[in-house]
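The first residue of the sequence shown is numbered 1, and numbering continues consecutively from there.
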Amino acid sequence: MGVSLDGFMSDPDGGLDWSVIDDELHRYMNAELSRSAAFFEGRVVYELMENYWPTADEDADAPASQREFAPIWRDTPKVVFSRTLERVGPNAELVREVVPEEIRTRVAGLSGPVVVGGAILAAAFAEHDLVDEYRTFVHPVLIGRGRPAFPPVDRHTSLRLLETRSFGNGVVLLRHGRA
């Protein structure tokens, strides 16, 4: 998840134009996401991604790193969690609720990591102890207010630092796992 230095994953209008994604960071994300067995996404993230990535490789003006991600997006199975969507696109399945036993069974049958996209969905997964690892891309910007990356909760979760990585654009990856 990308976050501003002050902890927001989007501005008050849901915008992400403050994020700093250059070619180096995009190539890193492509390499990581290409190993994913599935993308589990909330409605907002799914609609954002589905509006651009299925055909991004057809845009000759798009940077190569973006064109490289289009087939990763198309080929990776997606599970979309939404109570309001009526249908989803190709290679996607619609699920209405986060049911921990069903998630664990589904993930156990996959060969590779599952990426969870969307702050609300990630919070639901965290609430049910379904998150093994957090990857937070901290962008060098303060946006002041917006949607917090992590909503307030009434519990303490200890984590251990697994990795840090700095990118040339000032973004820092913080990778944490279960304590």
Side-chain angles (χ1 to χ4, degrees), residues 1-82 84-95 110-123 125 133-150 163-175:
M1 180 182 311
V3 300
S4 62
L5 185 59
D6 51 353
F8 298 103
M9 53 82 55
S10 67
D11 67 24
D13 298 321
L16 303 172
D17 60 348
W18 51 266
S19 61
V20 185
I21 301 177
D22 64 0
D23 194 60
E24 176 194 17
L25 181 56
H26 214 294
R27 288 186 187 281
Y28 173 83
M29 290 179 172
N30 289 352
E32 291 296 306
L33 294 173
S34 69
R35 294 194 290 268
S36 301
F39 297 149
F40 285 15
E41 299 180 332
R43 178 191 57 81
V44 173
V45 169
Y46 175 74
E47 288 180 328
L48 179 72
M49 300 293 281
E50 187 68 7
N51 282 335
Y52 178 71
W53 292 111
T55 59
D57 52 348
E58 296 171 11
D59 180 359
D61 295 329
S65 58
Q66 288 185 17
R67 291 193 312 272
E68 289 169 10
F69 183 69
I72 296 169
W73 169 257
R74 284 192 305 265
D75 297 343
T76 303
K78 290 162 276 298
V79 178
V80 182
F81 292 81
S82 173
T84 59
L85 281 178
E86 294 298 320
R87 63 185 180 283
V88 291
N91 207 17
E93 175 186 354
L94 183 60
V95 174
L110 297 173
S111 59
V114 172
V115 175
V116 177
I120 295 170
L121 184 61
F125 272 58
E133 187 175 299
Y134 294 86
R135 292 183 185 201
T136 309
F137 293 86
V138 182
H139 293 253
V141 61
L142 302 170
I143 63 173
R145 56 191 177 92
R147 179 177 291 249
F150 298 98
E163 175 188 8
T164 63
R165 179 175 173 158
S166 301
F167 295 89
N169 61 7
V171 171
V172 176
L173 165 65
L174 300 175
R175 191 172 142 238

Is the side chain of [X] donor-acceptor paired with the backbone N or O of [Y] at a distance under 3.5 Å, no angle test?
X	Y	result
His139	Val20	yes
Ser34	Ala31	yes
Glu68	Asn30	no
Ser82	Leu85	yes

Q: Evaluate side chain to side chain contact (heavy atoms under 4.5 Å, CB included) for Tyr134 paired with Arg175, printing each intermediate quantity in order.
A: CA-CA 6 Å; Tyr134 294 86; Arg175 191 172 142 238; over 6 Å; no
Which atom names give the shortest non-hydrogen contact between [X] and [Y], and what distance separates them?
X	Y	value
Leu110	Ala37	CB-CB, 3.8 Å
Ala56	Ala62	O-CB, 4.2 Å
Ala149	Ala119	O-CB, 4.0 Å
Gly117	Leu121	O-CD2, 4.0 Å

(Q) Quick test of your reading: applying side-chain hydrogen bond (donor to acceptor under 3.5 Å, both in side chains), list the pairs with at least one residue in residues 38-47, sequence neighbours left out, ordered by first then second residue. (A) Arg43-Glu47
Q | Pairs meeting criterion side-chain hydrogen bond (donor to acceptor under 3.5 Å, both in side chains) with involvement of residues 54-65, two or more places apart | A | Asp23-Ser65, Asp57-Arg74
Who pairs with [X] by side-chain contact (heavy atoms from CB on, under 4.5 Å), at least two apart in sequence or on another chain?
X	value
Val172	Ser166, Leu174
Asp11	Asp13, Asp17, Trp18, Ile143
Tyr28	Glu32, Arg135, Phe137, Glu163, Arg165, Phe167, Leu173

(Q) Could you walk me through whether Asp22 and His26 satisfy the side-chain hydrogen bond (donor to acceptor under 3.5 Å, both in side chains) test, starting with their C-alpha distance in whole Å, then the side-chain angles of each, then the deciding distance to 0.1 Å, before giving a yes or no? (A) CA-CA 6 Å; Asp22 64 0; His26 214 294; over 6 Å; no
Q: Flag the pair Lys78 and Glu93 as a salt bridge only when some basic side-chain nitrogen lies within less than 4.0 angstrom of an acidic carboxylate oxygen.
A: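 Looking at Glu93 together with Lys78, the answer is no, because their closest N to O distance does not fall below 4.0 Å.
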[Y] side chain reached by [X] side chain, heavy atoms, under 4.5 Å:
X	Y	result
Arg27	Phe69	no
Phe8	Arg147	no
Val79	Leu94	no
Leu5	Val141	no
Met9	Phe150	no

Q) Parallel, tilted or perpendicular: which describes the rings of Phe40 and Phe81, with under 30° parallel and over 60° perpendicular? A) tilted
Q.
Taking salt bridge (charged side-chain N to carboxylate O under 4.0 Å, His left out) as the definition, give me every residue that meets it alongside Glu50, ordered by chain and number, with sequence neighbours left out.
A. none
Q. Stepwise, does the side chain to side chain contact (heavy atoms under 4.5 Å, CB included) test hold for Leu33 with Thr76?
A. CA-CA 9 Å; Leu33 294 173; Thr76 303; over 6 Å; no
Q. Is atom CD1 of Ile21 surrounded by more than 12 heavy atoms (other residues, nucleotides or ligands) closer than 6.0 Å?
A.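 Check passes, neighbour count above 12.
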